[in-house]
Amino acid sequence: MIRGTLIAESLRLNEPLEAVELFVQSVRRVGPLAELPVGQPAVWTFLEFTADEPLAEHLAEALAEVLGPGWYCDFRTDTETFVVFAGRVFRYRRGEAPGRERAAAYARSIGIPESQIDWPE
């Protein structure tokens, strides 16, 4: 089973996430948020979702095509963590420090604040 979080505001305008069946577990809005990069909204809509595990690679590829610059989406299976950015996917065994650090270093390189580099393992 895939479990993850998608921030609705992270999707590029007019670029739907399609062809992946997600089951939304909860929707919540949070804000106003502090320490935001320029151009990010002060209120975010979090979609907690699940999906069938065989769809993990397809979901990662689909997200990489629709996420806006400066955003990421994270999700995990029982054994792997996926951190997806616009045009870039990081995949590593859960708990693997070097894999997490590669994804975190990339996040920093595109301007994501340290406080937002907080995906769960």
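There is no path of hydrophobic side-chain contacts, each under 4.5 Å, that joins Trp44 to Leu67. In terms of hydrophobic clustering, with Ile, Leu, Val, Met, Phe, Trp and Tyr side chains grouped at heavy-atom distances under 4.5 Å, Leu63 and Val24 are assigned to a common cluster. Both Leu17 and Phe75 are part of a single hydrophobic cluster, where members link through side-chain heavy atoms under 4.5 Å apart.
A 6.0 Å sphere centred on CZ of Arg93 holds no more than 12 heavy atoms belonging to other residues, nucleotides or ligands. Within a 6.0 Å radius of CD in Glu9, more than 12 heavy atoms belonging to other residues, nucleotides or ligands are found. Atom CZ of Arg3 has 12 or fewer heavy atoms from other residues, nucleotides or ligands within 6.0 Å.
Arg88 places no side-chain N or O within donor-acceptor distance of the main-chain N or O of Ala64, the cut-off being under 3.5 Å.
At least one side-chain heavy atom of Arg108 sits less than 4.5 Å from a side-chain heavy atom of Ile117. Within the 4.5 Å cutoff, the side chain of Arg102 has heavy atoms near those of the Glu96 side chain. At a threshold of 4.5 Å between non-hydrogen side-chain atoms, the residues Met1 and Asp78 do not count as touching. Side-chain contact between Val30 and Phe46 is present, with heavy atoms from C-beta onward closer than 4.5 Å. With a 4.5 Å cut-off on side-chain heavy atoms, Thr81 and Asp74 do not count as touching. Contact check for Leu22 versus Leu59: side-chain heavy atoms found under the 4.5 Å cut-off. Taking the side chain as every heavy atom from C-beta outward, His58 and Val20 approach each other to under 4.5 Å.
The distance from atom CD1 of Ile2 to atom CZ of Phe23, rounded to the nearest 0.5 Å, is 10.5 Å. Within the model, atoms CG of Leu47 and CZ of Arg28 stand 10.0 Å from one another, a figure rounded to the nearest 0.5 Å.
The only member of Val66, Leu11, Val83, Leu6 that meets side chain to side chain contact (heavy atoms under 4.5 Å, CB included) when paired with Cys73 is Leu6.
Closest non-hydrogen pair, Ala86 versus Gly68, comes out as CB-O, 4.0 Å.
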Side chain to side chain contact (heavy atoms under 4.5 Å, CB included) evaluation trace for Trp119 with Tyr72:
CA-CA 10 Å; Trp119 55 86; Tyr72 72 86; 3.6 Å; yes
Between Glu121 and Arg76, is a side chain to side chain contact (heavy atoms under 4.5 Å, CB included) present by the stated rule, with each step listed?
CA-CA 7 Å; Glu121 290 297 313; Arg76 65 221 44 77; over 6 Å; no
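Side-chain N/O atoms of Thr45 and Arg29 include a donor and acceptor closer than 3.5 Å. No side-chain donor from either of Tyr92 and Glu101 sits under 3.5 Å from a side-chain acceptor of the other.
The aromatic rings of Tyr106 and Phe85 lie perpendicular to each other, with more than 60° between the two planes, well past the 30° mark.
The cationic atom of Arg91 (NZ for Lys, CZ for Arg) does not lie both less than 6.0 Å from the six-membered ring centre of Phe82 and within 45° of the ring axis.
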